[in-house]
Protein chains: 2
Amino acid sequence: MTTVLVVDDEPQILRALQINLHAHGYTVVPAPNGTTALAAAQTQAIDVVVLDLGLPDMDGLDVIAGLRGWTEVPIIVLSARHGSHDKVEALDAGADDYVTKPFGLDELLARLRAATRRSGTQTAEPRVETAEFTVDLANKQVFRHGEAVRMTPTEWSVLELLVRNPGRLVSQQQILTEVWGPAYAKETHYLRVYMAQLRRKLENDPANPAHLLTEAGMGYRFAP
Amino acid sequence: MTTVLVVDDEPQILRALQINLHAHGYTVVPAPNGTTALAAAQTQAIDVVVLDLGLPDMDGLDVIAGLRGWTEVPIIVLSARHGSHDKVEALDAGADDYVTKPFGLDELLARLRAATRRSGTQTAEPRVETAEFTVDLANKQVFRHGEAVRMTPTEWSVLELLVRNPGRLVSQQQILTEVWGPAYAKETHYLRVYMAQLRRKLENDPANPAHLLTEAGMGYRFAP
DNA sequence: GGCAATCTTGACGGCTTCCTGACAGCGCGC
DNA sequence: GCGCGCTGTCAGGAAGCCGTCAAGATTGCC
């Protein structure tokens, strides 16, 4: 099943795309603005993004840049602007395709197929493994030495964010804003508690973690 | 150097594309029809194909199919037909993109860049390398002779600033204001301490640095 | 209401990071 | 040689950060 993140600020278009894409077998994750779109991309497995450039809260180009900062997921831009300058900007920012409104649903579907066909070969597996534990992103399950490990919602959110950025340093701020919300960006104590719990559940030697690493003053890192 | 196979039956368009693409740094392999196009793709290393659907000898869709039989090279279709049916057919046949005539050269170039970015340089990460160490900007990680080197937040900030300006002289003031804040622009002592630490961690001979150079009285320079 | 699971909050010890001061070395002009 | 300005080196202590444990809140469920 292919999951499409659809970003559009007009509710009726969002709804229409949602219905039509769903009817063609896609799982749709709707987002009415850039902020929720970026948040959704971090926490869910997205196969392709359909992005309307005209958003209320931030520039569409910044959404592209935000996504391209850490993921190669195909991005198809929708826009009412026909100017070549706009197309060039979006494509150079990292978009894969640019479709001008009005567009036929057939065409969008074909471009979706083209985009997923390309990335499909290099399939990002929804499963991350280490020597000690396995994280099944799709099913939200964690195994350690073959045995299922129970996670609380918060534990899972933190773990998922780290595992979705393997090898990448994730700042405390980023974890806190993604998991608890922007108002909690300073509550670093939460993180210490939950990192300790995750390590106790997943690491062989919680005091000397092999995969859930802390970089003092910088953030945390998941080492596969 | 990126090589583009341009397939078009109209000599003047073919010639125009050839000149313009060449002017933008591409190597162009021209082909006036489908047969020579397929032959050329077999005998030369092609990075991306620009294909006009209206060919004299065979259907453009068959050219796409012929290429897709053995290669994943990106194909950008040019066509005078605006109908969504044509687009769907071409895309589903294996094309990566579909541009309708008339089109701006800027747009075609942007789509070329998008296509080659996807396929060709998937290893092109924001990484800066020297003979002795590698700085991974995206993951905020530094390797020296293959081994990860831990950086403190301040060390990383200084290093990142220098590495993001390779070969360029960065004044002490600039580093101090960027890393510590404008109020610290005079605290050059901080810099000496941290440059020493960076060199101790990264240089083979910290006393005779090869990459983190001092320009007396001016600032510092990163030499790749 | 009672219970269990989960999330917050507090306290404390240990460790990392940062700042700071003292001193040595180098290049330059006189 | 000598002073001067700039730079590199080292080490210690203060401040802040991190891990740990355990005791309240809060929530959802029976």
Side-chain angles (χ1 to χ4, degrees), chain A residues 140 142 148-162 169-181 183-222, chain B residues 140 142 148-162 169-181 183-222:
Chain A
K140 304 210 173 201
V142 184
V149 180
R150 258 203 56 77
M151 289 286 156
T152 75
T154 311
E155 285 167 5
W156 172 258
S157 299
V158 175
L159 179 65
E160 185 180 27
L161 182 57
L162 287 172
L169 186 112
V170 187
S171 75
Q172 312 194 21
Q173 263 205 358
Q174 193 178 343
I175 305 178
L176 286 165
T177 51
E178 294 288 337
V179 175
W180 279 271
Y184 294 77
K186 296 266 167 72
E187 303 284 349
T188 59
H189 192 99
Y190 290 8
L191 261 187
R192 290 201 282 281
V193 173
Y194 277 94
M195 288 305 299
Q197 279 175 8
L198 284 176
R199 294 206 256 244
R200 207 173 323 133
K201 288 189 175 180
L202 299 179
E203 293 274 4
N204 279 343
D205 181 0
N208 286 60
H211 302 102
L212 300 170
L213 312 177
T214 135
E215 310 261 326
M218 306 199 58
Y220 293 88
R221 184 195 306 276
F222 167 70
Chain B
K140 299 205 175 189
V142 183
V149 182
R150 279 237 45 218
M151 290 288 155
T152 74
T154 312
E155 286 166 5
W156 172 257
S157 299
V158 175
L159 179 64
E160 186 180 23
L161 181 57
L162 287 172
L169 180 91
V170 186
S171 75
Q172 309 193 9
Q173 265 203 2
Q174 193 178 341
I175 305 178
L176 286 165
T177 51
E178 295 263 338
V179 175
W180 278 271
Y184 294 77
K186 298 265 168 70
E187 304 283 351
T188 59
H189 190 101
Y190 292 6
L191 261 188
R192 290 199 282 282
V193 173
Y194 277 95
M195 288 305 299
Q197 277 175 10
L198 283 178
R199 294 206 256 245
R200 202 173 328 131
K201 287 188 175 181
L202 299 180
E203 294 274 4
N204 279 342
D205 181 0
N208 286 59
H211 302 104
L212 300 170
L213 311 178
T214 301
E215 306 270 328
M218 317 256 317
Y220 295 87
R221 182 195 307 276
F222 166 70

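In what follows, chains carry the letters A, B, and so on, assigned in the order in which the sequence lines appear, proteins first and then strands, with residues in each chain numbered from 1.
At whole-Å resolution of the value, CG in N208(B) and P in dG8(D) are 12 Å apart. Taking atom CD1 of residue I175(B) and atom P of nucleotide dT7(D), one finds them 11 Å apart after rounding to whole Å. The NZ atom of K186(B) sits 18 Å away from the P atom of dC19(C) (whole-angstrom rounding). In this structure, Y194(B) atom OH and dT9(D) atom C1' are separated by 15 Å, rounded to whole Å. The separation between Q197(B) atom CD and dG8(D) atom C1' is 12 Å, rounded to whole Å. Straight-line distance from the CG atom of L198(B) to the P atom of dT17(C): 13 Å, rounded to whole Å. One can place CZ of R200(B) at 11 Å from C1' of dA11(D), the figure rounded to the nearest angstrom.
Looking at heavy atoms from C-beta onward, L162(B) lies out of side-chain contact with H211(B) at the 4.5 angstrom threshold. A 4.5 Å side-chain heavy-atom check between V142(A) and W156(A) finds at least one atom pair inside the cut-off. At a threshold of 4.5 Å between non-hydrogen side-chain atoms, the residues M151(A) and L198(A) count as touching.
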Output a table of nitrogen or oxygen pairs between the protein and nucleotides 17-19 of chain D separated by less than 3.5 Å.
unit_1, atom_1, unit_2, atom_2, d
dC18(D), OP1, Q172(A), NE2, 2.8
dC18(D), OP1, G217(A), N, 2.9
dC18(D), OP2, Q172(A), NE2, 3.1
dG19(D), OP1, R199(A), NH2, 2.4
dG19(D), OP2, Y220(A), OH, 2.9
dG19(D), N7, R192(A), NE, 3.3

Can you pull every protein N or O that's under 3.5 Å from an N or O on nucleotides 22-30 of chain D?
none

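Across all strands shown, W180(A) has heavy atoms under 4.0 Å from sugar-phosphate atoms exclusively, and none from any base.
Dashed line: the shortest gap from a side-chain N or O of T154(B) to OP1 or OP2 of dT17(C) is not under 4.0 Å.
Remark: side-chain polar atoms of R199(B) are paired, donor with acceptor, to backbone N or O of L212(B) under 3.5 angstrom. Side-chain atoms of E203(A) come within 3.5 Å of backbone atoms of A210(A) as a donor-acceptor pair (strictly under, hydrogens ignored).
Between dT17(C), dC19(C), dT6(C), one nucleotide has an atom nearer to the side chain of R150(B) than all others, and that is dT17(C).
Classification of K201(A) and E155(A) as a salt-bridged pair holds, one side-chain N sitting under 4.0 Å from a carboxylate O.
Taking OH from Y190(B) and CH2 from W180(B), the interatomic distance works out to 8.5 Å, rounded to the nearest 0.5 Å. Atom CZ of residue R192(B) and atom CD of residue E187(B) lie 10.5 Å apart, to the nearest 0.5 angstrom.
Within a 6.0 Å radius of CD in Q174(A), more than 12 heavy atoms belonging to other residues, nucleotides or ligands are found.
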